[in-house]
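These numbers come from the heavy atoms of this one structure, side chains and all, not from hydrogens, waters or symmetry mates. Numbered from 1 within each chain, the chains take letters A, B, ... in sequence-line order.
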There are 2 protein chains.
Amino acid sequence: MKLTSRGRYAVMALVDLARFDNINPVSLRDISLRQGISLDYLEQIFSKLRKKEIVQSVRGTQGGYVLNKKAKEIKLNNIFEAVDEKVKTVQCNKESKKGCNGKSIKCVTHNLWDELENHINNFFKEKSLEDLVKDNIERRI
Amino acid sequence: MKLTSRGRYAVMALVDLARFDNINPVSLRDISLRQGISLDYLEQIFSKLRKKEIVQSVRGTQGGYVLNKKAKEIKLNNIFEAVDEKVKTVQCNKESKKGCNGKSIKCVTHNLWDELENHINNFFKEKSLEDLVKDNIERRI
DNA sequence: ATAAACCTGACTAAAATAGTCAAGTATCTT
DNA sequence: AAGATACTTGACTATTTTAGTCAGGTTTAT
């Protein structure tokens with residue numbers, strides 16, 4: 001299981017977007033400057049977010065990105081999935097691994113990873129972008 | 001954050017050890033055969049487990065490894081820590097990253113990772129080796 | 001027209017992972 | 001005492017992933 005910078009950047013960028021997305025689209029250049037994330041890398045990340053319909057793009061001058069749903073409806077697990085942060089525990093059924101085919105014969109820890117996966121996903125499913133934005137604003141005061 | 005094969009193997013091997021550790025030490029060779037994990041890799045892993053006093057070694061013929069505590073007292077977080085599975089989310093305070101020094105100025109997602117870390121660690125702290133062994137025996141019937 | 005900003009795909013250095021390999025040392029059995 | 005079993009240690013390596021960079025587009029407001 002991994003949670004890497006890409007996922008973190010995605011969340012940081014979306015929190016930023018949610019805060020500044022009132023009327024006008026927010027350019028990646030601005031997010032890049034505010035959050036200290038490379039513009040090129042942001043473009044990769046937003047490409048994925050757009051494909052998963054988490055954001056919408058507005059091309060041309062004064063363009064940028066806009067949230068595609070309300071911040072309340074965007075859950076963290078949606079974000080991580082979009083940028084390929086697989087909240088997946090290590091597979092234990094590579095071919096011919098003893099005692100686990102994932103079905104009738106399970107390796108001794110198979111259920112454990114399932115539980116863990118659920119545990120983490122539940123955490124992410126409960127948190128919305130809005131929660132994070134509020135959190136952030138409160139702490140700024 | 002990562003959970004990789006090393007952590008999984010450690011847990012698999014210890015569950016195996018806990019089940020067969022009645023009177024005699026269990027050899028890595030046996031664990032290797034039963035669990036389908038390379039002997040050399042197991043040796044690396046058990047070296048770490050021994051240093052953290054999770055297992056004890058018995059050298060010589062008929063030697064092997066023995067649990068150093070009761071299975072009930074060995075929690076999963078102890079195991080993961082021992083084999084360097086850092087349940088650590090990505091750091092967000094690499095030098096000069098904007099808006100986060102981990103202290104007075106926190107990046108927008110700083111608290112999130114802290115919470116997540118706690119969430120996962122709680123899961124691991126609640127699960128003991130004994131729980132897994134029981135789980136496993138029950139499912140075998 | 002031109003500049004801002006999105007869009008796409010290919011490329012790469014560095015790190016981590018999942019091992020392997022080799023050369024031991026300790027201890028039990030015979 | 002010899003031999004076998006099994007732990008012990010450290011170095012080495014192929015592969016994969018990550019975290020970007022780079023280059024060359026296209027779209028659209030002004």
Quick check: are there more than 12 heavy atoms from other residues, nucleotides or ligands sitting under 6.0 Å from CD of Glu43(A)?
yes
The reported gap from CZ in Arg34(B) to CG in Leu17(B) (rounded to nearest 0.5 angstrom) is 9.0 Å
Taken to the nearest whole Å, CG/Leu39(A) to P/dA5(C) is 10 Å
In whole angstroms, the gap separating P of dC21(C) from CG of Leu42(B) amounts to 16 Å
Separation of dA18(C) atom P from Lys48(B) atom NZ, nearest Å, is 11 Å
Checking Asp131(B), Leu76(B), Val15(B) against Leu112(A) for side chain to side chain contact (heavy atoms under 4.5 Å, CB included), the one that qualifies is Leu76(B)
From CD1 of Ile45(A) across to C1' of dC7(C) the rounded distance in Å is 15 Å
Checking dC7(D), dA5(C), dG20(D) against the side chain of Ser27(A) (C-beta onward), the nearest is dA5(C)
note: Ile37(A), atom CD1; dG20(D), atom C1'; distance rounded to Å ~ 12 Å
*asked:* Under 4.0 Å, heavy atoms only, any strand: does Val55(A) hit a base, just the sugar-phosphate, or nothing?
replied: nothing
Does any non-hydrogen side-chain atom of Leu129(A) lie less than 4.5 Å from one of Ile79(A)?
yes
Q: Could you check whether Tyr65(A) gets within reach of a base, just the sugar-phosphate, or nothing at all, counting any heavy atom under 4.0 Å?
A: sugar-phosphate
Do Arg59(A) and dT26(D) have a side chain to base donor-acceptor pair shorter than 3.5 Å?
yes
**Prompt:** Ignoring hydrogens and angles, does a donor from either the side chain of Arg29(B) or the base of dT5(D) sit under 3.5 Å from an acceptor on the other?
**Reply:** no
To the nearest angstrom, the CG-P distance between Leu28(B) and dA26(C) comes to 18 Å
Would you check if Phe80(A) and Asn77(A) make a side-chain contact, meaning some heavy-atom pair closer than 4.5 Å?
no
Check your understanding: Can any side-chain N or O of Ser128(B) pair as donor or acceptor with the backbone N or O of Glu130(B) at less than 3.5 Å?
Key -> yes
Exercise. Side chains of Asp30(A) and Asp16(A): closer than 4.5 Å at any heavy-atom pair?
Worked result: no
inquiry  = Is the phosphate of dT21(D) approached by Ser38(A) (side-chain N or O, under 4.0 Å from OP1 or OP2)?
reply    = yes
Rounded to whole Å, CD of Gln62(A) lies from P of dA3(C) at a distance of 15 Å
Provide a list of protein-nucleic acid N or O atom pairs under 3.5 angstrom, restricted to nucleotides 8-15 of chain C.
from   : atom 1 : to       : atom 2 : distance (Å)
dT8(C) : OP2    : Arg50(A) : NH2    : 3.0

In whole angstroms, the gap separating P of dC7(C) from CD of Gln56(A) amounts to 11 Å
*May I ask you to verify if any side-chain N or O of Ser57(B) is less than 4.0 angstrom from the OP1 or OP2 atom of dT8(D)?*
yes
Exercise for the section: Return no unless some side-chain N or O of Ser5(A) is found under 4.0 Å from OP1 or OP2 of dA19(D). Expected result: yes
Comparing nearest nucleotides in DNA chain D, the 5'-proximal residue of the pair Tyr41(A), Thr61(A) is Tyr41(A)
